[in-house]
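Within every chain, numbering begins at 1; the chains are lettered A, B, ... in the order of the sequence lines, protein sequences first and strands thereafter.
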Protein chains: 2
Amino acid sequence: MGLTKTEEFTKTQNDLASLAKAIGHPARIAILQFLIKTKSCVCGDIVDELPLSQSTVSQHLSELKKAGLIKGEIDGPSVCYCIDEKAWGKAKKVIGELFDSYTGQNCC
Amino acid sequence: MGLTKTEEFTKTQNDLASLAKAIGHPARIAILQFLIKTKSCVCGDIVDELPLSQSTVSQHLSELKKAGLIKGEIDGPSVCYCIDEKAWGKAKKVIGELFDSYTGQNCC
DNA sequence: AACATTTATCGTAATATTACGATAAATAGC
DNA sequence: GCTATTTATCGTAATATTACGATAAATGTT
């Protein structure tokens, strides 16, 4: 016990859950918002912006990257993180479809 | 350590994260999809549908309720769970806004 | 080559999550 | 009032997450 029974659910359900989970932390929301609004995507700038240590921010970045929402490009000694446009669009679509599938009809 | 520094982030960021977190589990996705598609919202029917024990399903339902996405109405000895239309619409809007705020412009 | 800067990874600790069985609580029917 | 049915809660165990400091790795600069 203690581990999600991934294999019992469909790929779609697992993919959707993974995406939502990646977004499911205020620090990662803050990182995404920062990447969207600013011109600077350098990791160090994100660390300066957030009230978290460098290693913690790096971990959050790594999870966002694992979920595919962002990508990192090495730029000298630093790394430039950006929204992965294609994956972002797909996530938007998949999550949007879940919300749209409810048409407002309840049985009770 | 080990606990999220909620107070360091904005209410919007925390609310968004809470919503995403609630959706961030395949079982809860499955529950939501089931509630949306079926006419039956009785807890027992959800338990029959999912590959999880009754107590685990009840826990997931409780989290979805805590997040405000569903509501439960007592119907005799059983409970009828339904999507909370108002909260669903709000969640859809808030999450949609996050995705829409990215217009496809990266710095790198 | 030595050094500074930047980021990732490791090790660790605390808390949270997931899951289950067992039990309790509430209602319906006899 | 007893019994069956349905759901919530409690107790517990295993794994995951969050966070930090310390250290390693990689690059640029002197």
Nearest-angstrom distance from the residue atom CG of A:Leu50 to P of D:dT18: 14 Å
Looking only at side chains, do A:Ser62 and A:Gln59 share a donor and an acceptor under 3.5 Å apart? no
According to side chain to side chain donor-acceptor pair (under 3.5 Å), does anything in residues 80-89 of chain B pair up with another residue at least two apart or in another chain? List the pairs. none
Mind listing the side-chain donor-acceptor pairs of residues 96-108 of chain A below 3.5 Å, one per line with the distance, residues two or more places apart or on another chain?
from	atom 1	to	atom 2	distance (Å)
A:Glu97	OE2	A:Lys93	NZ	3.3
A:Asp100	OD1	B:Lys92	NZ	2.7
A:Ser101	OG	A:Leu98	O	2.6
A:Tyr102	OH	A:Asn106	OD1	3.3
A:Tyr102	OH	A:Asn106	ND2	3.3
A:Asn106	ND2	B:Ile83	O	3.0

B:Ile23 CD1 to C:dT17 C1': how many Å, rounded? 17 Å
Both A:Thr56 and B:Leu52 contact DNA chain C. Taking the nearest nucleotide for each, which residue is further toward the 5' end? A:Thr56
Pick the nucleotide of DNA chain C nearest each of B:His25 and A:Ser58; which residue has the one closer to the 5' end? A:Ser58
For D:dA19 and A:His60 - does any side-chain N or O of the residue sit under 4.0 Å from the phosphate oxygens OP1/OP2? yes
Is there, by distance only and without an angle test, a donor paired with an acceptor across the side chain of A:Gln59 and the base of C:dA8 below 3.5 Å? no
Mind checking B:Glu63 for me? I need base, sugar-phosphate or nothing, with any heavy atom below 4.0 Å counting as a touch. sugar-phosphate
Indicate, with a heavy-atom threshold strictly under 4.0 Å, whether A:Val42 touches base, sugar-phosphate, or nothing. sugar-phosphate
Given atom CG of B:Asp75 and atom P of D:dT6, what is their separation to the nearest angstrom? 12 Å
Can you check the A:Ile46 CD1 to C:dT6 P distance for me, whole Å? 14 Å
Taking CG from A:Leu61 and P from C:dT9, how many angstroms apart are they, rounded to a whole number? 11 Å
Figure out the CG/P separation between B:Asp48 and D:dT5, and round it to whole Å. 14 Å
Ranking C:dA22, D:dC20, D:dT18 by distance to the side chain of B:Gln54, first place goes to C:dA22
Out of C:dT18, D:dA8, D:dC20, whichever nucleotide has its closest atom nearest the side chain of B:Val79: D:dA8
Separation of C:dA14 atom C1' from B:Lys5 atom NZ, nearest Å, is 14 Å
Give one of base, sugar-phosphate or nothing for B:Lys21, where a contact means two heavy atoms less than 4.0 Å apart. sugar-phosphate
Pick the nucleotide of DNA chain D nearest each of A:Pro51 and A:Pro77; which residue has the one closer to the 5' end? A:Pro51
Given side chains that start at C-beta, do those of B:Leu61 and B:Lys65 come closer than 4.5 Å, heavy atoms only? no
5' priority, DNA chain D, between B:Phe9 and B:Ser78 [closest heavy atom]: B:Ser78
Is a donor from one side chain sitting under 3.5 angstrom from an acceptor on the other, for A:Ser53 and A:Thr56? yes
Rounded to whole Å, the CD1-P distance (B:Ile31 to C:dT18) equals 11 Å
